[in-house]
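Take a look at the structure below.
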Amino acid sequence: MHIHIALFRWKDNVAQAQIDEAIEQIRDLRNEVPDVIDIRCGVNTHKESKGLTHAILVMARTQKALDDYRKHPQHDAAAKVIEVMEADGLGCDFVDDTD
């Protein structure tokens, strides 16, 4: 399984409604890209979050599916909005081959 994790810290002037809308656009991709198993999004509640308040987790069967997710027009539109809103972010991709 190919896994992508994105963590975000937002600029001070970003409204919660804007964050919710951008994250919902990403979440809606779970049924749009073949071989994407699931997309999970939520608030980061870890005590050592370093200000990164929201997380997105994408699980895909193949690297191609993860690449297709990133190239999807809906992802592209949401990513452009997120780039304007984020003060900082962190990404992590890895392969879990235990299944």
Side-chain angles (χ1 to χ4, degrees):
M1 179 180 323
H2 293 257
I3 298 171
H4 167 67
I5 300 169
L7 300 167
F8 303 99
R9 179 170 44 91
W10 310 107
K11 293 177 182 172
D12 291 336
N13 64 338
V14 176
Q16 186 62 49
Q18 292 173 286
I19 296 167
D20 293 345
E21 183 177 336
I23 288 179
E24 193 60 33
Q25 288 177 352
I26 296 294
R27 184 181 283 123
D28 287 346
L29 281 165
R30 74 169 57 124
N31 297 316
E32 298 296 320
V33 181
D35 289 328
V36 165
I37 298 165
D38 203 0
I39 298 175
R40 298 294 176 141
C41 309
V43 174
N44 183 1
T45 59
H46 196 280
K47 67 179 181 177
E48 296 175 13
S49 67
K50 298 187 179 184
L52 298 164
T53 62
H54 288 76
I56 296 171
L57 170 70
V58 181
M59 295 170 282
R61 287 185 177 81
T62 64
Q63 182 62 50
K64 181 184 181 321
L66 200 53
D67 294 342
D68 290 347
Y69 156 80
R70 287 189 173 109
K71 294 177 194 173
H72 194 281
Q74 188 172 328
H75 176 272
D76 189 47
K80 286 178 182 174
V81 170
I82 288 171
E83 286 175 15
V84 171
M85 296 179 354
E86 74 177 321
D88 195 13
L90 177 66
C92 177
D93 290 352
F94 66 95
V95 177
D96 180 342
D97 57 5
T98 58
D99 290 340

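As the structure is a prediction and not an experimental result, all values here were calculated from the model.
Nearest heavy-atom pair across Ile5 and Asp93 is N-OD1, 4.2 Å. Looking at every heavy atom in both residues, Pro34 comes nearest to Ala65 through O-CB, 3.6 Å. Nearest heavy-atom pair across Ala22 and Ala78 is O-CB, 4.2 Å. In plain terms, the two heavy atoms of Leu52 and Asp88 that are nearest each other are CD2-O, 4.1 Å. Looking at every heavy atom in both residues, His2 comes nearest to Arg61 through CD2-O, 3.7 Å. Between Gln74 and His72 the shortest heavy-atom distance is N-ND1, 3.0 Å.
More than 12 heavy atoms of other residues, nucleotides or ligands lie within 6.0 Å of NZ in Lys11, so this atom counts as buried by the packing criterion. The neighbour count for Glu21 CD, taken as heavy atoms of other residues, nucleotides or ligands under 6.0 Å away, does not exceed 12. Environment of CZ in Arg40: sparse, with no more than 12 heavy atoms of neighbouring residues, nucleotides or ligands closer than 6.0 Å.
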For the pair Arg9 and His54, evaluate side chain to side chain donor-acceptor pair (under 3.5 Å) and give the outcome as yes or no after the intermediate values. CA-CA 7 Å; Arg9 179 170 44 91; His54 288 76; over 6 Å; no

side-chain contact (heavy atoms from CB on, under 4.5 Å) between Val14 and Phe8, worked out: CA-CA 12 Å; Val14 176; Phe8 303 99; over 6 Å; no

Test Leu66 against Val58 for side-chain contact (heavy atoms from CB on, under 4.5 Å), laying out the working first. CA-CA 8 Å; Leu66 200 53; Val58 181; 3.8 Å; yes

Determine whether Ile39 and Ile26 satisfy the following criterion, side-chain contact (heavy atoms from CB on, under 4.5 Å), listing intermediate values before the conclusion. CA-CA 8 Å; Ile39 298 175; Ile26 296 294; 4.1 Å; yes

Would you check, one step at a time, whether the test side-chain contact (heavy atoms from CB on, under 4.5 Å) holds for Thr53 with Val43? CA-CA 6 Å; Thr53 62; Val43 174; 5.6 Å; no

Apply salt bridge (charged side-chain N to carboxylate O under 4.0 Å, His left out) to Lys71 and Asp67, showing your working. CA-CA 6 Å; Lys71 294 177 194 173; Asp67 294 342; 5.5 Å; no

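How far NZ of Lys50 is from CG of Leu90: 9.5 Å, rounded to the nearest 0.5 Å.
Transitive grouping of hydrophobic side chains (ILVMFWY, heavy atoms separated by less than 4.5 Å) brings Phe94 and Leu7 into a common cluster. In this structure, Val95 is not a member of the same hydrophobic cluster as Ile56, with clusters built from ILVMFWY side-chain heavy atoms closer than 4.5 Å. Both Val81 and Leu29 sit in one connected hydrophobic cluster of ILVMFWY residues. Membership requires side-chain heavy atoms under 4.5 Å apart, directly or through other members.
A salt bridge is defined here as a Lys NZ or Arg NE, NH1 or NH2 lying under 4.0 Å from an Asp or Glu carboxylate O, and Asp76 with Lys80 meets this definition.
Between the side chain of His75 and the backbone N or O of Arg70, at least one donor-acceptor pair lies under 3.5 Å. Proximity of a side-chain donor or acceptor of Arg27 to a complementary backbone N or O of Cys41 within less than 3.5 Å is detected. Side chain of Gln18 to backbone of Met85: no donor-acceptor contact under 3.5 angstrom is found.
The shortest side-chain heavy-atom distance between Ile3 and Leu57 falls under the 4.5 Å cut-off.
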